[in-house]
Amino acid sequence: MMEMQLELITRIFVAALLGGAIGLEREYRAKEAGFRTHFLVALGSALFMIVSAYGFEGTMITESHRWDVSRVAAQVVSGIGFIGAGTIIFHKSENVVRGLTTAAGLWVTAAIGLACGGGLYILSVGSTFLVLVGLEAFNYFLHKFDKKRKRD
């Protein structure tokens with residue numbers, strides 16, 4: 001029992017660290033959702049996954065009653081969509097949409113948290129790495145193209 005509890009704590013701890021890593025990048029870029037938001041989204045997603053998978057052990061499961069672990073994960077995706085939508089703003093005067101990358105970052109951070117909650121550490125770490133590379137590479141190339149556009 002104690003080993004299982006340590007494994008579950010490890011899952012939320014890893015999720016929080018990975019979400020925090022993404023949040024630090026967003027914080028560094030002075031975006032709407034930073035370290036604390038990404039940290040909490042990943043930790044919360046992992047916790048929801050764990051509760052969904054293990055929180056109902058010992059309850060009566062019969063042919064007519066079956067618990068579906070994926071239902072809670074699906075609700076996390078819906079809930080994070082609501083939070084992400086709050087970060088998206090359309091500036092009519094500039095005809096520009098802002099916050100899409102932040103919303104997508106929260107969405108993928110929730111997915112990483114769910115994966116950690118499911119014990120998929122390698123997938124979670126690899127996904128976090130790809131998110132950070134993608135954000136940094138995008139930023140680098142965006143600045144390269146902006147410099148070229150200003151010279152033309």
Are [X] and [Y] side-chain neighbours, meaning at least one heavy-atom pair lies under 4.5 Å?
X	Y	value
Leu24	His38	no
Thr37	Thr87	no
Val51	Val72	no

Could you pull out the closest heavy-atom pair between Leu114 and Ser45, with the gap in Å?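 Residues Leu114 and Ser45, closest heavy atoms: CD2-O, 3.4 Å.
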Check for a donor-acceptor pair, side chain of Thr10 on one end and backbone N or O of Leu6 on the other, with a separation under 3.5 Å.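 Checked: pair present.
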Under the ring pair (Phe, Tyr, Trp, His ring centres under 6.0 Å) test, which residues partner Phe35, sequence neighbours left out?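 Per chain and number, Phe35 pairs via ring pair (Phe, Tyr, Trp, His ring centres under 6.0 Å) with Phe39.
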Kindly write out the residues that satisfy salt bridge (Lys or Arg N to Asp or Glu O under 4.0 Å) with Arg98, not counting sequence neighbours, or none if the list is empty.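 Once residues adjacent in sequence are excluded, the partners of Arg98 under the salt bridge (Lys or Arg N to Asp or Glu O under 4.0 Å) criterion are Glu94.
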Checking Glu136 now: which residues fulfil salt bridge (Lys or Arg N to Asp or Glu O under 4.0 Å) with it, not counting sequence neighbours?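 Here the qualifying residues are Arg29.
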Counting neighbours of CD1 on Ile122 that are heavy atoms of other residues, nucleotides or ligands and sit closer than 6.0 Å, is the number greater than 12?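 No, not enclosed.
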Quick one: OG1 on Thr109 to CD1 on Ile83, what's the gap to the nearest 0.5 Å?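 If we round to the nearest 0.5 Å, Thr109:OG1 and Ile83:CD1 are 11.5 Å apart.
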About how many Å separate CD1 of Ile89 and CG of Leu100, when rounded to the nearest 0.5 Å?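 Answer rounded to 0.5 Å: 10.5 Å.
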When the side chains of residues 124-135 are checked against the rest of the protein, which donor-acceptor pairs come out under 3.5 Å, sequence neighbours left out?
{"residue": "Ser124", "atom": "OG", "partner": "Cys116", "partner atom": "N", "Å": "3.3"}
{"residue": "Ser124", "atom": "OG", "partner": "Leu120", "partner atom": "O", "Å": "2.8"}
{"residue": "Ser127", "atom": "OG", "partner": "Leu123", "partner atom": "O", "Å": "2.8"}
{"residue": "Thr128", "atom": "OG1", "partner": "Ser124", "partner atom": "O", "Å": "2.9"}

Who are the side chain to side chain donor-acceptor pair (under 3.5 Å) partners of Tyr121, not counting sequence neighbours?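 Applying side chain to side chain donor-acceptor pair (under 3.5 Å) to Tyr121 gives Glu7.
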Mind checking what makes side chain to side chain contact (heavy atoms under 4.5 Å, CB included) contact with Tyr54, not counting sequence neighbours?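 If we apply the side chain to side chain contact (heavy atoms under 4.5 Å, CB included) test to Tyr54, skipping adjacent residues, the hits are Met4, Leu8, Arg11, Ile50, Glu57.
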